[in-house]
Structure formats: structure tokens, C-alpha cells
Visitor: 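Input: one structure, supplied below.
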Amino acid sequence: MRPIESLTLIDRYTTVEGTLVSSRDIRIEGELRGTLQCEGAVHVAEGGRVDATVEAGAITVAGQLRGSITCRGKLHILRTGRVTGSITTNSLVIEEGGRCEGELAMGSALAEASLPSASRGNASAMLPESASTTLESTES
């Protein structure tokens, strides 16, 4: 038997304000405001709200995520998910009904994330109920 990996849970009755740093996965069902640094995956559950500077290995959003977002892997926005802000990610998946609004930089832009925002492109996406999209970066 493999040991069960630990998971940080912010339940729906909890609000966290400040800086949270974790080397494990995090599931947010409540609220988080401030800064979140996670080496693993972040899952913002339906009903969860995050207003923060976020750095993570992977991010899945079923609730609301707003702020400066850096995702080293895949940012996956589920049908109930809403993401707003300055987004830097390797790949982006938006399910039917999901929303993504703000500045978007993908792929090699992770290395350029420290450049002033004027040098990066702007993107806004709001998918109709009948559409689904997957955006994957390809390194040349």
C-alpha cells in the first residue's frame, strides 16, 4: 500500500488572509486573500473564492479565482469556474461555460513573467454555453 499524500484543505467555513506556502496540494472550499505559493496543485472548489497572488504547479478552478496567477503546468477552468486577472501558464483548458478574463501569457512567457505588463499581450475569453476550448502551448 502506498501512503496517502497529505492535502491542505481550506473548508467552506474558513477564511485565510495573508501568505500561505505549501509543498503539497491545496483544496480551497472557503476564501483565501493574499498570497498563495504551492509546489503542487491548487483546486478552487465550487463556492471557493481566491483573491490573491498565486503561484502553483497546476490549478483547477470550479469557483472564483482573481489576481496575479502563475501556473507552471495546466490551468483548468471548469464549467462553473471564473478566473480574472493577469494569468501566466503553460497551458489553458476552459470547459463549456467557464470564464477567463484578463491578461494572458502562455508557454515561454513563464520565463518572461517578470517583464512589465505592457510588453505582454492581452486576452479575454468568455465562452458561450455551447463551446469548449483547449489551448496548449508548443515550445519551438
Visitor: Under a 3.5 Å cutoff, is there a donor and acceptor pairing between the side chains of Q64 and R49?
Guide: yes
Visitor: Using 0.5 Å steps for rounding, measure from the OG1 atom of T84 to the CZ atom of R99.
Guide: 9.5 Å
Visitor: Under the side-chain contact (heavy atoms from CB on, under 4.5 Å) rule, what do R33 and T15 come out as? Steps first, then yes or no, please.
Guide: CA-CA 8 Å; R33 292 187 287 267; T15 299; 3.3 Å; yes
Visitor: State the CD1-CD1 distance between I77 and I94, to the nearest 0.5 angstrom.
Guide: 4.5 Å
Visitor: Applying side-chain contact (heavy atoms from CB on, under 4.5 Å) between L32 and each of L20, I26, D51, L65, report the one that passes.
Guide: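 The passing option is L20.
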Visitor: What's the separation between atom CD1 in I10 and atom CG in L36, rounded to the nearest 0.5 Å?
Guide: 7.0 Å
Visitor: Applying side-chain contact (heavy atoms from CB on, under 4.5 Å), name anything that partners V44, two or more places apart in sequence or on another chain.
Guide: V42, V50, V61
Visitor: E55: which residues meet the side-chain hydrogen bond (donor to acceptor under 3.5 Å, both in side chains) condition with it, sequence neighbours left out?
Guide: none
Visitor: For R79, what residues pass the salt bridge (charged side-chain N to carboxylate O under 4.0 Å, His left out) criterion, not counting sequence neighbours?
Guide: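 R79 satisfies salt bridge (charged side-chain N to carboxylate O under 4.0 Å, His left out) with no other residue.
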Visitor: Heavy atoms, side chains only, cut-off 4.5 Å: are V93 and L75 in contact?
Guide: no
Visitor: Assess whether side-chain contact (heavy atoms from CB on, under 4.5 Å) is satisfied between C100 and I87, documenting all intermediate values.
Guide: CA-CA 9 Å; C100 180; I87 304 156; 3.5 Å; yes
Visitor: If only atom types and distance count, is the side chain of N90 paired as donor or acceptor with the main-chain N or O of R72 below 3.5 Å?
Guide: yes
Visitor: Can you name the salt bridge (charged side-chain N to carboxylate O under 4.0 Å, His left out) partners of E39, sequence neighbours left out?
Guide: none
Visitor: Check A58 against C71 and note the closest heavy-atom contact, atom names and distance.
Guide: CA-SG, 3.7 Å
Visitor: Donor-acceptor check, side chain of T80 to backbone of A62, threshold 3.5 angstrom: yes or no?
Guide: yes
Visitor: In this structure, would L9 and V54 fall into the same cluster of hydrophobic residues linked by side-chain contacts under 4.5 Å?
Guide: no
Visitor: Using modelled atom types only, decide if a donor and an acceptor are shared between the side chain of T89 and the backbone of G73 within a distance under 3.5 Å.
Guide: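 Checked: pair present.
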Visitor: side-chain contact (heavy atoms from CB on, under 4.5 Å) with T60: which residues, sequence neighbours excluded?
Guide: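 Per chain and number, T60 pairs via side-chain contact (heavy atoms from CB on, under 4.5 Å) with H43, H76, L78.
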Visitor: Which residues pass the side-chain hydrogen bond (donor to acceptor under 3.5 Å, both in side chains) test with Q37, not counting sequence neighbours?
Guide: none
Visitor: Could you work out, with salt bridge (charged side-chain N to carboxylate O under 4.0 Å, His left out) as the rule, every residue matching R27, not counting sequence neighbours?
Guide: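 Result, salt bridge (charged side-chain N to carboxylate O under 4.0 Å, His left out) vs R27: E29.
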Visitor: T14: which residues meet the side-chain hydrogen bond (donor to acceptor under 3.5 Å, both in side chains) condition with it, sequence neighbours left out?
Guide: D11
